[in-house]
Amino acid sequence: MTNSTKIKQSGEPGNQLSSHFIKTLISRDLEEGKHGGRVRTRFPPEPNGYLHIGHAKSICLNFSVAAEYGGQCNLRFDDTNPAKESQEYVDSIKDNIRWLGFEWNGEVRYSSSYFDTLFEFANQLIASGHAYVCNLSPEQSREYRGTLMEAGRNSPDRDRPAAESLALFAKMRAGEFAEGECSLRAKIDMSSPNINMRDPVLYRIRHISHHQTGDQWCIYPTYDFTHCITDALEGITHSLCTLEFEDHRPLYDWILNSLDLKSIRAASVLADSDSPYVLPRQTEFAKLKLNYTMMGKRNLRTMVEEGVVSGWDDPRMPTIAGMRRRGFTPASLRNFCESVGVSRREGVVDLGMLEHAIRDDLDKHAPRAMCVMKPLKVEIGNIPEGDVIQLSLANHPKDESMGRRDVPLTREIFIDRSDFEIDPLPGFKRLIAGGEVRLRGAYVIKCHHVERDSRGEVVLLHCSADLDTLGKKPEGRKVKGVIHWVSATDGKTVSIRLYDRLFLVENPEAKDIENYRDCLNPDSLIEVSGAVVEPSVFEGSNLRFQFEREGYFYRDGDLTATENPVFNRTITLRDSWAG
RNA sequence: UGGGGUGUCGCCAAGUGGUAAGGCACAAGGUUUUGAUCCUUGCAUACGUUGGUUCGAAUCCAGCCACCCCAGCCA
């Protein structure tokens, strides 16, 4: 629906738009013929949680940059820590990436499917004197590591003969040691100012089964050992990651350079290729931060567990799943990521940018309809009871290709309570007692009498329609206001969920905030029952609408249920009226 | 007090020695049967700061300041 136009959209995957330092880098590599014209990136999520808008930035970057240069992007689950991972996450991640509109190169990859090769390379490193089995416990090893200010000390096992380490490593693999009893470490420099270079652990013992490899292994490689090698095996040319990995780049390079290049190539996808073989290069960029939202995996989990939201796909969550249920379109998310740019500066993007992206897409693509949130009955005296005037309204004010729909007008209609005022503020241009307004797409009506109940609440407006105002301006006077309405006899009752930002403060993750619950927006969800929507909304298969003057809405829940349909408000319309 | 980064409009962000793009937000007009959209206009003598090099610096050099990341057998 929203993606149906054939015109090249700015947010289409791979469409060239902005420029940034990573593209500059790739262009230069291409000009120099560095990789024989190849560009290959990868998106390497660990399947230990749900994807959020921050991941979307990385996904868009990796996939679109590859597409733009005629390359490909691999999807590789970086599953080296089975304790935290599960199949549930790999499934949802794949689903989210496809929904965003991207297609990965070939089959899904797993770091775990390279475990055999990784094990061989580890042995190679030991044999060449670049790694050793260390018997220090995790606690001891922490002591030996030193601090930011002080150098570390060498492990007593550091100079153990390669043959001995080889034998020990084989025993580690065979399951002869308990967890934490020993580990495989790189032999680099315990006095390096970069702590990552102080003989980092390459393999640790974990007697647990893995979601992909089952009980085949009881030793698992670490991120640092795995990532660079799997990149190299897959022929990745540009390994893009976030800024916090910058300090790991020397290690990334150290491991690859300590291995035999020929054997890496022989094990890689380029083994039989004529293409020059060049090791991958890691490049870091700033991750996305959004104000008024928490992005930390841990924090999001807390909100789910504490029931502050209904789940990972609660429409207020910044998860892809949540935003999808909220009504965001794939194109809007892609456009947003594009507009945010890519740099090395850690900034905080204003939520307004995201809101602009979704409004921009929905304004162009969402058909219009009318929905009255808080119904106030209006009786139009000069429309006979039982008469149904079928009006034909455009689905979009500017795009005729979106067609028209029939909207029934009857003697009794509903308008929104907020569109009628007894004591209007200056500038109010909707209906007042004795005044006139335009019913959108229909006649100008005049309010003659206001009926109240015993408590003084307005319950019915007696009006008349100027039958000479359909499709034309009233004669002799100006009627400024236009309000939406729905036939009281033909309208359908629906439930509406009005969503707003979850937090009241710009940075809910700030350190000085004791409890995030203190900054929750109490009005982040307002449930409205008894709203009335025009019948055309259920006539097609479309799920996204602009309810005129209210905002953009997305049909949620069981679509086959005829009882009480639910619409989530994706975003309001911009409202420049102070009131 | 170690190492690695970053500092251009309220927010993102171009710019890579020749005299400050763009988007968001905001403001003012115009169009409008959505107080929407759309259109027009405005919005940094200024690039963290202090010096230096140069005919000329946001761009080069030096010092200073601020902020971010690193001491998981997490990624």
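Chain naming here is simple, since letters A, B, ... match the order of the sequence lines and numbering starts at 1 in each.
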Report which part of the nucleic acid [X] touches: base, sugar-phosphate, or nothing (heavy-atom distance under 4.0 Å, all strands).
| X | result |
| --- | --- |
| A/Lys473 | sugar-phosphate |
| A/Gly481 | nothing |
| A/Pro200 | nothing |
| A/Thr469 | base |
| A/Gly471 | base |
| A/Arg440 | base |
| A/Ala151 | nothing |
| A/Gln546 | base |
| A/Asp247 | base |
| A/Val348 | sugar-phosphate |
| A/His227 | nothing |
| A/Gly441 | base |
| A/Phe77 | nothing |
| A/Arg368 | base |

Electrostatic pair [X]:[Y] at N-O distance under 4.0 angstrom:
| X | Y | value |
| --- | --- | --- |
| A/Glu234 | A/Arg42 | no |
| A/Arg430 | A/Glu421 | no |
| A/Arg549 | A/Asp416 | no |
| A/Lys287 | A/Glu244 | yes |
| A/Glu179 | A/Arg206 | yes |
| A/Glu436 | A/Arg477 | yes |

Check your understanding: Hey, where on RNA chain B does chain A first and last touch, going 5' to 3'? Cut-off is any atom under 4.0 Å from a heavy atom.
Key ->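 Taking any atom under 4.0 Å from a heavy atom of chain A, the span is B/U1 to B/A75.
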Practice item. Begin from the C-alpha positions of A/Phe77 and A/Tyr110 and carry the test ring-ring contact (aromatic ring centres under 6.0 Å, His included) through to its verdict. Key: CA-CA 5 Å; A/Phe77 286 98; A/Tyr110 295 86; 5.5 Å; yes
Point to revise | Parallel, tilted or perpendicular, as decided by the 30° and 60° cut-offs, for the rings of A/Phe567 and A/Phe547 | key: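 Ring orientation, 0 to 90° scale: perpendicular.
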When you compare [N] with [M], how far apart are their [atom1] atoms, in angstrom units rounded to a whole number?
| N | M | atom1 | answer |
| --- | --- | --- | --- |
| B/G10 | B/G51 | C1' | 31 Å |
| B/G30 | B/G22 | C1' | 24 Å |
| B/U19 | B/A62 | P | 26 Å |
| B/U16 | B/A21 | P | 13 Å |
| B/G7 | B/C43 | P | 26 Å |
| B/A58 | B/G17 | C1' | 10 Å |
| B/U31 | B/U59 | C1' | 44 Å |
| B/C69 | B/C55 | P | 44 Å |

Point to revise | Which atom of A/Tyr132 lies closest to which atom of A/Ala186, heavy atoms considered | key: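 So the two residues come closest at CE2-O, 3.8 Å.
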Point to revise | Closest non-hydrogen atom pair between A/Glu181 and A/Ala178, with its separation | key: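 Closest approach of A/Glu181 to A/Ala178, heavy atoms only: OE1-N, 2.7 Å.
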Review point. So, do A/Arg173 and A/Phe119 sit near enough that their side-chain heavy atoms are less than 4.5 Å apart?
Key: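 Of all side-chain heavy-atom pairs linking A/Phe119 with A/Arg173, at least one is under 4.5 Å.
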Review point. Do A/Arg438 and A/Thr469 touch side chain to side chain, with heavy atoms closer than 4.5 Å?
Key: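 Yes, close enough: below the 4.5 Å cut-off.
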Practice item. If the glycosidic angle is within 90 degrees of 0 it's syn, otherwise anti, so just tell me which one B/G72 is. Key: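 It is syn.
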Review point. Between A/Asp79, A/Ile93, A/Asn81, which is the residue that forms a side chain to side chain contact (heavy atoms under 4.5 Å, CB included) with A/Glu46?
Key: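 Option passing the side chain to side chain contact (heavy atoms under 4.5 Å, CB included) with A/Glu46: A/Asn81.
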Exercise for review: By nearest nucleotide on RNA chain B, pick out whichever of A/Cys182 and A/Lys480 is the more 5' one.
Suggested key: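 Closer to the 5' end of RNA chain B: A/Lys480.
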Review point. If you find the nucleotide of RNA chain B closest to A/Asp224 and the one closest to A/Glu244, which residue's nucleotide is nearer the 5' end?
Key: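 Per heavy-atom nearest nucleotide, the more 5' residue is A/Glu244.
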Practice item. Could you identify which residues of residues 135-144 of chain A place a heavy atom less than 4.0 Å from some atom of RNA chain B, listed by residue number, or say none? Key: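 Under 4.0 Å from RNA chain B: A/Leu136, A/Ser137, A/Pro138, A/Arg142.
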**Study point:** Intra- and inter-strand pairs of RNA chain B in dot-bracket (Watson-Crick or G-U wobble, both distances under 3.5 Å; | for another strand)
**Key:** .(((((((.[[[..)..(...]]].(((((.......))))).....[[[[[..)....]]]]])))))).....
Point to revise | From CA spacing to verdict: ring-ring contact (aromatic ring centres under 6.0 Å, His included), A/Tyr89, A/Tyr50 | key: CA-CA 6 Å; A/Tyr89 296 124; A/Tyr50 292 91; 5.3 Å; yes
